[in-house]
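Taking it in order: structure first as structure tokens, then the write-up.
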Protein chains: 2
Amino acid sequence: MPSTTARRRASISDVARLAGVSVGTVSNVLNRPDRVSDATRERVESAIAQLSFVPNGSARHLRVGTITTVGAIVLDIANPFFTDLARGIEARLDEDDYTLMIASSDEDPEREARYLRLYEQHGVQGIMVVPATDDVDHLVTLAERGVRIVLLDRPSPVESLSSVAVDDVHGGALAVRHLLGQGHERIAFLNGPHTIRQCADRWAGAVQAVEAAGLDPAVTLEETTVSLNADGGDAGTRSLVDRTDRPTSVFCVNDLVALGSLRTLRRAGLSVPDDVAVVGYDDVTFAAELATPLTSVRQPTHELGVRAADLLLRGDDGEPEHVVFQPTLVVRESSAR
Amino acid sequence: MPSTTARRRASISDVARLAGVSVGTVSNVLNRPDRVSDATRERVESAIAQLSFVPNGSARHLRVGTITTVGAIVLDIANPFFTDLARGIEARLDEDDYTLMIASSDEDPEREARYLRLYEQHGVQGIMVVPATDDVDHLVTLAERGVRIVLLDRPSPVESLSSVAVDDVHGGALAVRHLLGQGHERIAFLNGPHTIRQCADRWAGAVQAVEAAGLDPAVTLEETTVSLNADGGDAGTRSLVDRTDRPTSVFCVNDLVALGSLRTLRRAGLSVPDDVAVVGYDDVTFAAELATPLTSVRQPTHELGVRAADLLLRGDDGEPEHVVFQPTLVVRESSAR
DNA sequence: ACGCGTCGATGAAACGATTCAATAACCCGA
DNA sequence: TCGGGTTATTGAATCGTTTCATCGACGCGT
């Protein structure tokens with residue numbers, strides 16, 4: 001029967017009083033049960049149950065100074081790529097009984113900073129972050145201050161920050177080389193802002209591929225900046241469909257954008273890939289099942305998360321590491337004549 | 001120039017010492033800047049900057065006993081339905097400058113319990129949870145202990161727990177009534193375990209619809225339990241395709257399952273909806289863009305999250321509330337002859 | 001010149017846990 | 001019976017904040 005009054009949550013000293021022992025003993029029951037005799041342990045345990053006592057994590061953290069939680073900040077929690085990534089992180093964290101707090105920056109540096117501050121204040125073991133901007137000075141500062149940082153899904157521009165990334169330049173090149181191979185000489189690139197490193201890199205790769213084919217990027221490639229979701233794909237594609245000099249292909253910076261693009265093309269009565277070819281990026285689960293199965297650049301997403309968590313847990317004993325995976329192209333109907 | 005030695009993170013008393021004031025004054029600068037003179041405030045602020053001091057959130061929490069963070073536990077962070085839900089929650093939370101910690105229980109009561117404990121230990125303002133099992137006693141206990149709980153995406157079985165849900169019985173009925181209306185008299189239901197309330201309710205709705213049509217559920221409906229993702233849809237459908245008495249339609253408990261189902265049907269060379277009709281649930285973003293656009297039961301997902309956060313922030317001054325939204329059916333090609 | 005009110009700053013208590021040196025109780029062998 | 005060694009328990013210090021009663025200084029009106 002729970003007490004009727006008690007508004008305040010029970011503390012360790014309430015337990016101690018009820019069990020007739022000192023707080024030190026209660027703490028021992030909690031953390032080194034072997035040090036305490038069976039009789040008192042049972043008494044204390046029953047007191048704990050009776051008061052439904054739950055230790056105050058903040059007090060514990062304050063005293064021991066460490067905590068088994070890590071934070072992750074991604075650009076967009078609604079993007080399957082990032083949740084698959086989170087899944088990878090969780091899988092590795094589970095092994096060591098760590099827990100994960102996830103937050104979404106929505107590509108907003110303000111929000112990113114806010115969550116960084118929150119995590120730091122709470123003393124997490126470390127933070128994995130997909131930076132919302134090109135500038136990582138604030139993260140370097142954080143790291144110097146002793147917060148363990150791992151850059152997610154983008155290579156570190158500085159030696160001191162560990163990172164786990166996929167070669168986005170190569171990925172961009174893969175996609176565009178493929179389109180060029182299919183005979184496309186006018187490629188629209190629906191991209192995000194270059195302040196996001198992944199976007200800048202994929203663009204760089206695209207340019208490289210065009211140049212390698214002996215063509216002029218300025219005439220072959222046409223970049224439109226869109227928001228990184230299906231609505232962005234809609235908007236970016238709408239501005240294309242009615243043009244007389246419409247590009248023959250679209251490269252989308254991620255599959256969500258590609259989804260919007262395909263949707264808008266279909267509504268405009270254009271056929272894919274005959275009127276317009278489309279290539280996406282990330283190869284999310286549904287890419288293969290769309291009305292027109294989507295050609296996409298596949299990344300080892302899950303593995304990315306696992307490695308990132310691994311690096312973070314490994315601690316600072318080792319030097320910072322910079323892991324780079326290679327993407328592959330998965331060709332499907334949306335770009336194959 | 002940051003100090004060279006300092007491994008320990010700067011505390012408020014380091015700041016006080018450097019600025020030549022008492023810790024109380026530093027605290028005032030932080031929390032009630034108006035109480036302190038301009039001169040000292042500036043001195044303290046520069047000391048804070050110099051040491052790059054970040055207040056220890058646990059210490060603060062320990063003292064004030066409250067925190068502006070809430071936790072959410074969903075079944076599967078990789079399911080777009082739940083991330084859209086999270087988006088709704090975040091949107092409402094942002095208004096009040098609260099932050100959200102998200103975790104995924106993977107339908108595992110163990111993991112759910114673990115995160116509940118973690119959140120409680122950290123003293124969050126409240127927890128929104130999509131329960132992994134039918135049994136919510138542990139949540140009632142938590143609530144009695146003073147933790148603010150809101151049940152997400154399922155009606156509360158008890159008066160004392162607030163909840164925000166969508167009428168799943170109605171949703172299940174909508175889907176099945178539609179299939180019956182299309183002339184289907186053999187419906188396979190790829191469902192999750194009935195320990196998950198949403199699954200049980202959708203099943204109940206399906207049964208109701210069949211009975212209302214004067215048919216026998218035992219012959220019209222055929223339930224298969226699958227895991228709640230695309231792989232589950234694959235598995236559940238594979239066991240169907242080769243049968244001579246194959247059902248003419250499949251109702252999937254969510255769109256991820258439906259994605260797997262469509263995929264497997266296609267690979268088996270069956271046409272949708274002519275050989276087999278498919279209906280999903282949630283109407284996620286990609287549902288309309290699949291090879292065969294998917295008929296699905298739409299829920300006001302975002303609104304669901306907003307209301308849940310709203311209820312949680314409103315506090316316990318009011319009585320617990322039980323909000324129920326109504327779903328609607330979106331008919332597309334996958335089920336329309 | 002005196003008292004009073006205001007304002008700014010101080011210092012100590014409190015929050016709830018962990019840790020560790022000190023103590024108490026006990027057993028056993030000589 | 002006594003001393004020494006083990007084992008179980010205690011109590012106080014500590015972590016980094018916030019809060020609040022108290023104090024000192026200063027300006028102003030009489």
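Just so we're on the same page: letters track the sequence lines, and every chain starts at 1.
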Is any side-chain nitrogen or oxygen of B/Asn31 closer than 4.0 Å to OP1 or OP2 of D/dT18?
yes
Between C1' of D/dT17 and CG of B/Leu30, the distance in whole Å:
10 Å
May I ask you to say what A/Ser11 touches in the nucleic acid, namely base, sugar-phosphate or nothing, with a heavy-atom cut-off under 4.0 Å?
sugar-phosphate
Derivation and outcome, side chain to side chain donor-acceptor pair (under 3.5 Å), residues A/Asp135 and A/Thr133:
CA-CA 5 Å; A/Asp135 174 32; A/Thr133 74; 5.2 Å; no
For A/Leu62 and D/dT17, what is the distance between atoms CG and P respectively, to the nearest whole Å?
9 Å
If you assign each of B/Gly24 and B/Ser58 to its closest nucleotide in DNA chain D, which residue comes earlier from the 5' end?
B/Ser58
Does B/Arg63 put a side-chain nitrogen or oxygen below 4.0 Å from OP1 or OP2 of D/dC15?
no
Have a look at the helix from C/dA1-D/dT30 to C/dA30-D/dT1 and give the angle its two end axes make, five pairs each, rounded to 10 degrees.
60°
Given A/Asn56 and B/Gln121, is the side chain to side chain donor-acceptor pair (under 3.5 Å) satisfied, shown in steps?
CA-CA 5 Å; A/Asn56 180 319; B/Gln121 286 184 355; over 6 Å; no
Just checking A/Val26: base, sugar-phosphate only, or nothing, at a heavy-atom cut-off of under 4.0 Å?
nothing
With a non-hydrogen cut-off below 4.0 angstrom, is A/Ser37 in contact with a base, only sugar-phosphate, or nothing?
sugar-phosphate
Given 3.5 Å as the limit, does a donor-acceptor pair link the side chain of B/Arg154 with the main chain of B/Asp134, or not?
yes
Can you tell me how far CG of A/Leu75 sits from CZ of A/Arg111, rounded to the nearest 0.5 angstrom?
11.5 Å
Separation of atom CZ in A/Arg32 from atom C1' in D/dT7, rounded to whole Å:
14 Å
Below 4.0 Å from chain A heavy atoms, what is the first contacting nucleotide of DNA chain C and what is the last?
C/dG16 to C/dT19
Interatomic distance, A/Asp94 atom CG to A/Ile89 atom CD1 [nearest 0.5 angstrom]
12.0 Å
Just the rounded figure in Å: distance from C1' of D/dG11 to CZ of A/Arg17.
15 Å
Rounding to an integer number of Å, can you tell me how far B/Ile67 CD1 sits from D/dT18 P?
13 Å
Rounded to whole Å, how long is the line connecting atom NE2 of A/His122 with atom P of D/dG16?
16 Å
Nearest 0.5 Å please: distance from the CG atom of B/Asp76 over to the OG atom of B/Ser227.
9.5 Å
Which atoms form the tightest heavy-atom contact between A/Leu161 and A/Pro320, and what is the distance?
C-CB, 4.3 Å
To the nearest 0.5 angstrom, please state how far the CG atom of B/Leu118 sits from the OG1 atom of A/Thr99.
4.5 Å
If the cut-off is 4.0 Å, is A/Thr25 near the phosphate of D/dT10, judged by side-chain N/O to OP1 or OP2?
yes
Looking at A/Glu112 and A/His138, what are the two nearest heavy atoms and their distance?
OE2-NE2, 2.8 Å
Show your reasoning for whether side chain to side chain donor-acceptor pair (under 3.5 Å) applies to A/Gln125 and A/Thr66.
CA-CA 7 Å; A/Gln125 270 287 326; A/Thr66 181; 2.8 Å; yes
Atom CG of A/Asn28 and atom P of D/dT7: how far apart are they, to the nearest Å?
15 Å
Quick one: A/Arg35 CZ to D/dT9 P, roughly how many Å, whole number?
13 Å
